[in-house]
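Following: one structure in structure tokens, then a few remarks.
Quick note: residue numbers are just sequence positions, from 1. As a basis for the values below, the full set of heavy atoms in this structure was taken, side chains included, without hydrogen atoms, waters or symmetry mates.
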Amino acid sequence: MSTKRYELTQSQKMMVFILSMCLYGLSNMFTELVPSVHVGPIELQIDAFAFIPLALCMLFHPLYAAIGAATGELIFGELMLGQFGGIGEVEKFILFSLGMVIGGLLVRNPEKKSQVAIGAVLGYGLFLVLSTIVDIVKVVVGVEDFEAVPGLAESIFVVEGVEFLTDLIFSGTLFALLPTLYLVPRLYGKIEPLLGMKPRSNKVTIPLKNILTPKFIMISIVLTVVAFFAEALSESDFEVGVWEPEFVETYGTSFIWIIIGVAAVCSVAIILYLLKKGKEDISESV
């Protein structure tokens, strides 16, 4: 059985990064426009089509697919829609990338549905857990005021706990687990050649202890701490890089659809270019 890790050239890594950035970034523009639905005290909303970065992390290089997706959200879902929160965006960038990377690393055989399911649930779940912990710690250390129930500061644990479970069950199932479980085994071996790449080996037997090493865990902890401090700074008067032009107030909601249209055209053009380059790489290697 093979124990060689999946390797890509620098140009192939860049292709994975760009593909993930375009696909997830464009999808994020739509999720920003979908209104939330209230079922009693519970709010249901589409936070993200997490199956896109999860699937790409499982099929290609997890790190570049994850960072590409997080970058796409910043560019398409934040900057282009005029709602960039500055340094506060660092938190989600780090935590989301970390969750997607781990979700991709957990899958050694993309054709094994059990591994895909575990990777999807734990990858997206880890992102939600870390985000919840950061939100709670902000209140505990006094960075952010929160008192959902008057006179009961501890209500943060209940509110954040309910929000976590709602996101995990609703978004985690409908927009992370089920689509990923359906797409990954079917796309494996079919999408990679379109980009001029070989599929990940489905015979890799690298144990998890060799993937989730103490060094990797320590780096993850450090990144989580950095994410907390970035979010803490954003809650203070220290605002860096905030960019929130009043597009909607000035031009109306139709302007958002113009932005989405431009982003869609650019994304399609880039993806078509990647497919063309993939064909050229295949013809050169023959």
Side-chain angles (χ1 to χ4, degrees), residues 28 31-32 36-50 53-54 66-67 69-70 73-74 77-78 83-103 106 118-177 212 214 216-242 244:
N28 211 259
T31 59
E32 292 290 339
S36 58
V37 177
H38 290 269
V39 180
I42 299 176
E43 181 182 13
L44 301 178
Q45 61 180 354
I46 304 175
D47 288 328
F49 291 125
L54 280 170
I67 295 178
E73 179 176 359
L74 287 181
E78 304 293 339
Q83 51 186 24
F84 185 69
I87 195 171
E89 303 294 345
V90 174
E91 179 217 358
K92 187 173 183 180
F93 184 94
I94 291 176
L95 300 185
F96 186 79
S97 298
L98 191 58
M100 297 302 103
V101 166
I102 291 178
L106 290 174
I118 292 172
V121 172
L122 293 185
Y124 188 68
L126 178 65
F127 160 63
L128 293 178
V129 167
L130 294 177
S131 298
T132 300
I133 292 174
V134 169
D135 289 340
I136 292 175
V137 172
K138 283 192 304 182
V139 176
V140 171
V141 301
V143 173
E144 179 182 0
D145 295 327
F146 187 97
E147 207 167 295
V149 179
L152 185 61
E154 292 79 5
S155 60
I156 177 64
F157 294 98
V158 177
V159 172
E160 290 292 340
V162 171
E163 184 177 345
F164 165 76
L165 290 175
T166 302
D167 288 342
L168 184 62
I169 295 172
F170 178 68
S171 295
T173 301
L174 295 180
F175 305 107
L177 174 60
L212 304 179
F216 181 83
I217 294 173
M218 282 302 301
I219 292 175
S220 301
I221 293 173
V222 171
L223 288 175
T224 303
V225 173
V226 171
F228 166 74
F229 280 108
E231 181 64 14
L233 282 174
S234 71
E235 294 292 339
S236 66
D237 295 330
F238 185 74
E239 295 183 349
V240 177
V242 177
E244 296 179 347

Inset, instruction - List for me each residue that meets side chain to side chain donor-acceptor pair (under 3.5 Å) alongside Glu91, sequence neighbours excluded, and say none if there are none. - result: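 For Glu91 there are no side chain to side chain donor-acceptor pair (under 3.5 Å) partners, ignoring immediate neighbours.
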Legend entry - Name of the residue among Ile102, Asp167, Leu95, Thr132 meeting side chain to side chain contact (heavy atoms under 4.5 Å, CB included) with Phe127: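 Among the candidates, only Leu95 passes.
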Find the distance between [atom1] ([X]) and [atom2] ([Y]) and round it off to the nearest 0.5 Å.
X: Phe96; Y: Leu128; atom1: CZ; atom2: CG; answer: 10.0 Å
X: Leu74; Y: Lys92; atom1: CG; atom2: NZ; answer: 9.5 Å
X: Tyr124; Y: Leu54; atom1: OH; atom2: CG; answer: 9.5 Å

Check [X] against [Y] and note the closest heavy-atom contact, atom names and distance.
X: Gly99; Y: Leu126; result: CA-CD2, 4.2 Å
X: Ile46; Y: Phe170; result: N-CE2, 4.5 Å
X: Ser220; Y: Leu98; result: OG-CD1, 3.4 Å
X: Phe164; Y: Gly125; result: CE1-O, 4.1 Å
X: Met100; Y: Ala50; result: SD-O, 4.3 Å
X: Ala120; Y: Leu177; result: CB-CA, 4.1 Å

Legend entry - Heavy-atom side-chain contact between Phe175 and Asp47 under 4.5 Å: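 Side-chain contact under 4.5 Å: no.
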Inset, instruction - Evaluate the side-chain proximity of Thr224 to Phe228: yes if any heavy-atom separation is below 4.5 Å, no if none is. - result: no
Legend entry - Criterion side-chain contact (heavy atoms from CB on, under 4.5 Å) on Phe93 and Ile67, from CA distance to verdict: CA-CA 8 Å; Phe93 184 94; Ile67 295 178; 4.0 Å; yes
